[in-house]
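From a predicted model like this one, the values you see are computed outputs, not experimental measurements.
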Number of protein chains: 2
Amino acid sequence: MSFPLAQHDHGACIRAALDAAEAECRRQGARLTLIRRRVLELVWSSHQPVGAYALLESLAREGWSAAPPTVYRALDFLLRHGLVHRIALLNAFVGCTHPGQPHAGAFLLCKVCGAAAELDDAPVVKAIAEAAAGLGFSVSRQTIEVEGVCPGCRDKDPAP
Amino acid sequence: MSFPLAQHDHGACIRAALDAAEAECRRQGARLTLIRRRVLELVWSSHQPVGAYALLESLAREGWSAAPPTVYRALDFLLRHGLVHRIALLNAFVGCTHPGQPHAGAFLLCKVCGAAAELDDAPVVKAIAEAAAGLGFSVSRQTIEVEGVCPGCRDKDPAP
DNA sequence: GTCCGGACTGTTATATTATAACATATCGAC
DNA sequence: GTCGATATGTTATAATATAACAGTCCGGAC
Ligand SMILES: [Zn+2]
Ligand SMILES: [Zn+2]
Ligand SMILES: [Zn+2]
Ligand SMILES: [Zn+2]
């Protein structure tokens, strides 16, 4: 649960994510088809949220016969099964770092490098739940997206 | 700081919002021109977030010569001066209930009636700030949007 | 007063994101 | 093997947002 370092074995991130996805789909009785798997892999190609049309271009370059619904359907599947999150602020998608474990999904988004880090959202969710309960509002879903500068970029580019 | 009741003097909401906007613009040395004022009034025509193209249609019906940039510029002005908020989940805009007072903007969005209520976000902002600080992330802006069912709709339609 | 520069608005075109609708294919249970 | 459900292919279009440039207004300098 930390910001991805500039240097790390990202291949391991991807492999771990795909393995976790396979396991999670098995557990849920869902079919991680070839294209869904490939879209997930593309979403994981970095730690930056990726737009649907960027995914579409990648698929096209690889020779898939791909139109927008191809990608949106795959993303919809991945969202429904908790394998990716949608970042509303960016209209983009990012891999979930802990599928299977129920959580709301809260993100730190670096304005400099574009990286997204999934936050441990328990305390935030609790604060929101309390505030909402005070107004008699029953919560079903939360969107928590925080823009700022990640530690790596802050060190590189000290405030002028 | 509560959910808008189904029955209330909404004309008073609108008047209060426009008065507050006049005052805030004077304070900031900004010009609340006719079209900006009218867009703000339209945003406030309900407590539900309104899309840019819905505003555009309203303006057109009233005889304004309006194209998308007309509305987006007005909205941009209102956002920059803290008079409206953008709801990323809905691609829509809602009036700010306390312009001039610095706050992040956190919203409860009722899935049934569509109403939005601005939450007192201090505890939530604090929880996020602490979580972010723990990762060395410096926060500049937060998006907090909570979907659920408001008290009014919950009472009307008890869970089946 | 008038000239200037910045801020505002009008207008056309286009980019970006997302979905509707319907045809075809594939899978797995029986 | 047949059938129904699920998944994919394909075309078209909806919904949201911005780029670019021309014209206009407005307040202050002179
Ligand atoms: Zn990685
Ligand atoms: Zn997650
Ligand atoms: Zn009201
Ligand atoms: Zn506000």
Given C/dA18, D/dA7, D/dA17, which nucleotide is nearest the side-chain atoms of B/Phe93?
D/dA17

Over 60° means perpendicular and under 30° means parallel, so tell me whether A/His47 and A/His10 are parallel, tilted or perpendicular.
perpendicular

Is the count of non-hydrogen atoms from other residues, nucleotides or ligands lying under 6.0 Å from B/Gln7 atom CD greater than 12?
no

I want to check something: taking the side chain as every heavy atom from C-beta on, are [X] and [Y] in contact at a cut-off of under 4.5 Å?
{"X": "A/Arg86", "Y": "A/Asn91", "answer": "yes"}
{"X": "B/Leu83", "Y": "B/Val43", "answer": "no"}
{"X": "B/Leu34", "Y": "B/Trp64", "answer": "yes"}
{"X": "A/His103", "Y": "A/His85", "answer": "yes"}

Five-pair end axes of the helix from C/dG1-D/dC30 to C/dC30-D/dG1 and the angle they enclose, rounded to 10°:
20°

Judged by nearest nucleotide, the residue sitting upstream toward the 5' end of DNA chain C, B/Phe77 or A/Arg86, is B/Phe77

Specify the separation, in whole Å, of atom [atom1] of [X] and atom [atom2] of [N].
{"X": "A/Leu79", "N": "C/dA18", "atom1": "CG", "atom2": "C1'", "value": "13 Å"}
{"X": "B/Asp76", "N": "C/dC8", "atom1": "CG", "atom2": "P", "value": "11 Å"}
{"X": "A/Ile87", "N": "C/dT17", "atom1": "CD1", "atom2": "C1'", "value": "16 Å"}
{"X": "B/Leu32", "N": "C/dT9", "atom1": "CG", "atom2": "P", "value": "10 Å"}
{"X": "A/Arg38", "N": "D/dT8", "atom1": "CZ", "atom2": "P", "value": "16 Å"}
{"X": "A/Leu75", "N": "D/dA7", "atom1": "CG", "atom2": "C1'", "value": "15 Å"}
{"X": "B/Tyr72", "N": "C/dT9", "atom1": "OH", "atom2": "P", "value": "17 Å"}
{"X": "A/Leu55", "N": "C/dT16", "atom1": "CG", "atom2": "P", "value": "15 Å"}

Walk me through it: do A/Arg37 and A/Glu41 pass the test salt bridge (charged side-chain N to carboxylate O under 4.0 Å, His left out)?
CA-CA 6 Å; A/Arg37 190 187 156 89; A/Glu41 202 173 349; 5.0 Å; no

Is the distance from OP1 or OP2 of C/dT17 to the nearest side-chain N or O of B/Asn91 less than 4.0 Å?
no

Should B/Arg36 be listed as having a side-chain N or O under 4.0 Å from OP1 or OP2 of C/dC8?
yes

With rounding to the nearest 0.5 Å, note down the distance linking CD in A/Gln48 to CD1 in A/Ile87.
12.0 Å

For the CG atom of A/Leu40 and the CG atom of A/Leu75, what is their distance to the nearest 0.5 Å?
9.5 Å

Please tabulate the protein-to-nucleotide N/O contacts below 3.5 Å involving nucleotides 9-13 of chain D, giving atom names and distances.
from: D/dG9; atom 1: N7; to: A/Arg73; atom 2: NH1; distance (Å): 2.8
from: D/dG9; atom 1: O6; to: A/Arg73; atom 2: NH2; distance (Å): 2.4
from: D/dT10; atom 1: OP2; to: A/Ser65; atom 2: OG; distance (Å): 2.2

